[in-house]
Amino acid sequence: MKTGIANPWQHVRQVEGYFDSLAGTWEAHYSAEGSMRGRLDRFRVPLMSQILPPAPVLDFGCGSGDLSAYLAEAGYEIHGVDRARAMIQRARKRFASPLMEFSEVQNAQLPFFDGQFAACVSSSVLEYVAPLAIYLTELRRVVKKGGVALVTVPNPYHPVRMVESMEKTLWSMIPRIGNHWPEGRVRYLNASVNRMRPEQWRREMAAARWRVEWVEGTSKPLVMICARAI
Ligand SMILES: C[S@@+](CC[C@H](N)C(=O)[O-])C[C@H]1O[C@@H](n2cnc3c(N)ncnc32)[C@H](O)[C@@H]1O
C-alpha cells in the first residue's frame, strides 16, 4: 500500500507532531535491553563493508541521535537531520562530537550540496514521508554517484505488519471502531503510510536513480534495503 495521501503537507505536520511527542522517551529503545539496539550494528556492519571511515554520512530522520552517535564512534562524519524539532534538540543535548552535527529540516529540500555525502542511512523513516518520490530524489541528489543508501522499512509480508494493515482496514470500513482504538496506535498507523513490498521499493528507488543491490531481513518486521546511487 503506497501512500495515497490527499494532503502531503498536512500529513507531514501530523508526523512531526507525533514524533515531537515521543522525543523525550525515544532513546530508551536503544538502552541495553531496548528493542532497537540491534539496529545499530544492522547499519554499521554493511556501511563499513562498503564505505570506509572517515566519510561523510547523512542520517536522514535521525531521531534523538543514537545511530548517528554510533556511526560517529566508528569514525564517520555524521550529519543527522530530522523534521521533529524536539528530536533534534534531544540529539544535540545528548551528543557532542566534532564528527557530528544535527539539523532540523522543514521539507524535502535538504540544506546540502550535490554529492556532499558518501552514504545515507535512514532507519525507519521513509515509510513516514510524503511525497516519497521527492524525498528519494533529494536523497539521491546529496549522495555522490557510486555512494550507498541503507534504509530500513516495514516488511509487509511479516505477520506484525499484516495485523497493522488489517487494523487500518477495519477503521476505514467501520470508523466507529477507530474511535475506541488506543490513540497512540492510531497516530502511529496513520503516520506510517508507505507500506510496500521490496519490489515496489525497488521501482520507486530506480525512478530516483537508486539501484537496489540487496534486500535483507525478509523474515523480519523490518527489511533493510541497500541501494547504489547511479
Ligand atoms: C521511527 S523514527 C526513527 C528515528 C531514528 N532513525 C531511529 O531509528 O531511532 C522516525 C523518524 O523520522 C523522522 N521523520 C519523519 N518524517 C520525516 C521527514 N519528512 N523529514 C525528516 N525526518 C522525518 C521523525 O521525526 C522521526 O524522528
Side-chain angles (χ1 to χ4, degrees), residues 3 5 7-31 34-44 47 57-72 76 78-95 100-112 117 119-139 141-142 149-155 160-161 164 184-185 187-195 208 217 220-225:
T3 172
I5 293 173
N7 186 340
W9 174 243
Q10 191 186 24
H11 169 77
V12 168
R13 290 296 297 269
Q14 282 168 354
V15 171
E16 177 187 344
Y18 173 60
F19 283 107
D20 269 334
S21 74
L22 298 179
T25 53
W26 196 257
E27 63 217 55
H29 294 301
Y30 290 93
S31 67
S35 59
M36 296 182 185
R37 196 162 179 82
R39 284 190 197 189
L40 300 173
D41 276 330
R42 202 174 172 195
F43 277 89
R44 187 187 60 86
L47 181 63
V57 174
L58 172 66
D59 183 359
F60 178 70
C62 62
S64 48
D66 290 85
L67 178 60
S68 294
Y70 197 66
L71 296 179
Y76 293 101
I78 303 289
H79 203 130
V81 300
D82 204 284
R83 162 98 202 191
R85 176 171 299 174
M87 286 286 192
I88 289 296
Q89 285 171 342
R90 193 71 201 131
R92 285 188 180 135
K93 199 167 173 184
R94 295 175 65 215
F95 303 110
M100 252 189 299
E101 221 176 305
F102 295 105
S103 305
E104 185 188 338
V105 287
Q106 282 304 311
N107 51 45
Q109 281 168 357
L110 300 175
F112 307 115
F117 297 98
C120 162
V121 294
S122 193
S123 164
S124 298
V125 182
L126 293 184
E127 62 265 40
Y128 298 101
V129 307
L132 175 63
I134 292 180
Y135 278 90
L136 288 175
T137 301
E138 184 65 354
L139 290 174
R141 182 186 69 76
V142 300
L150 289 168
V151 306
T152 50
V153 288
N155 174 10
V160 163
R161 306 304 180 191
E164 291 176 350
R185 185 81 177 156
R187 289 183 85 188
Y188 158 62
L189 288 175
N190 282 337
S192 177
V193 285
N194 297 319
R195 297 292 180 105
K220 298 177 184 168
L222 286 176
V223 290
M224 172 168 284
I225 299 173

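Counting starts at 1 for both ligands and their atoms, in listed order. Below, each value reflects all heavy atoms present in this structure, side chains not excepted, and no hydrogens, waters or symmetry copies.
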- Query: For the side chain of Glu138 and the backbone of Leu110, is there at least one donor-acceptor N/O pair under 3.5 Å apart?
  - Reply: yes
- Query: What residues form a side chain to side chain donor-acceptor pair (under 3.5 Å) with Arg37, not counting sequence neighbours?
  - Reply: none
- Message: Checking Arg187 now: which residues fulfil side chain to side chain donor-acceptor pair (under 3.5 Å) with it, not counting sequence neighbours?
- Response: none
- Message: Quick test of your reading of the model: are Arg39 and Asp66 salt-bridged, counting only N-O distances below 4.0 Å?
- Response: no
- Message: At less than 4.0 angstrom from any atom of ligand 1, which residues have a non-hydrogen atom? List them by chain and residue number.
- Response: Val15, Phe19, Trp26, Tyr30, Arg39, Phe60, Gly61, Cys62, Gly63, Asp82, Arg83, Ala84, Met87, Val105, Ser123, Ser124, Val125, Tyr128, Val129, Tyr135
- Sequence neighbours left out, what passes ring-ring contact (aromatic ring centres under 6.0 Å, His included) with Tyr76? Give chain and number order. none
- Would the number of heavy atoms belonging to other residues, nucleotides or ligands and lying under 6.0 Å from CD of Gln106 be above 12? yes
